[in-house]
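Input: a single structure, listed below in structure tokens.
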Amino acid sequence: MGYAIPLGDKADYALAKKILTHLTAHASGKAANDPEWSSRLEDYTQRLADLKPTDREAIDAVLTHDSAVYRELTGLR
């Protein structure tokens, strides 16, 4: 039998994936005219592709750092 991922970890992974997906889409719309957003687009795209449900460190990084950027862009507090 394979390794079972706890429900809380699954939810955290899903949320991290949603945040990176949103940030990737946002960066995509700005990347053509702004080198900073172009760089962010590359970073978000790569991190989204590399994100695994068992990579707790990467998930935590998204949920702390990237969620703050997400909240700022969406106006959520």
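For this chain, numbers begin at 1 and follow the sequence in order. Worth knowing before you read on, the calculation uses all heavy atoms, side chains too, and leaves out hydrogens, waters and symmetry mates.
With hydrophobic clusters built from ILVMFWY side chains whose heavy atoms lie under 4.5 angstrom apart, L51 shares a cluster with V69.
Screening residues 23-41 for salt bridge (Lys or Arg N to Asp or Glu O under 4.0 Å) gives E36-R40 as the qualifying pairs, with residues at least two apart or on separate chains. Residue pairs meeting the ring-ring contact (aromatic ring centres under 6.0 Å, His included) criterion with at least one partner in residues 15-59, sequence neighbours excluded, are H22-Y70, H26-W37.
The closest donor-acceptor contact from the side chain of S28 to the backbone of T24 lies at 3.5 Å or more, if one exists at all.
For the pair I59 and P53, the tightest heavy-atom approach, listed with the atom from each and the gap, is CD1-O, 3.6 Å. The heavy-atom pair separating S67 from I19 by the smallest distance is CB-CD1, 3.8 Å. Residues T45 and L41 share a closest heavy-atom pair of OG1-O, 2.7 Å.
The structure places CG of D43 at 11.0 Å from CG of L48, a figure rounded to the nearest 0.5 Å. A distance of 9.5 Å separates NZ of K52 from NZ of K17, quoted to the nearest 0.5 Å.
Residues forming a salt bridge (Lys or Arg N to Asp or Glu O under 4.0 Å) with D55 (at least two apart in sequence, or on another chain): none.
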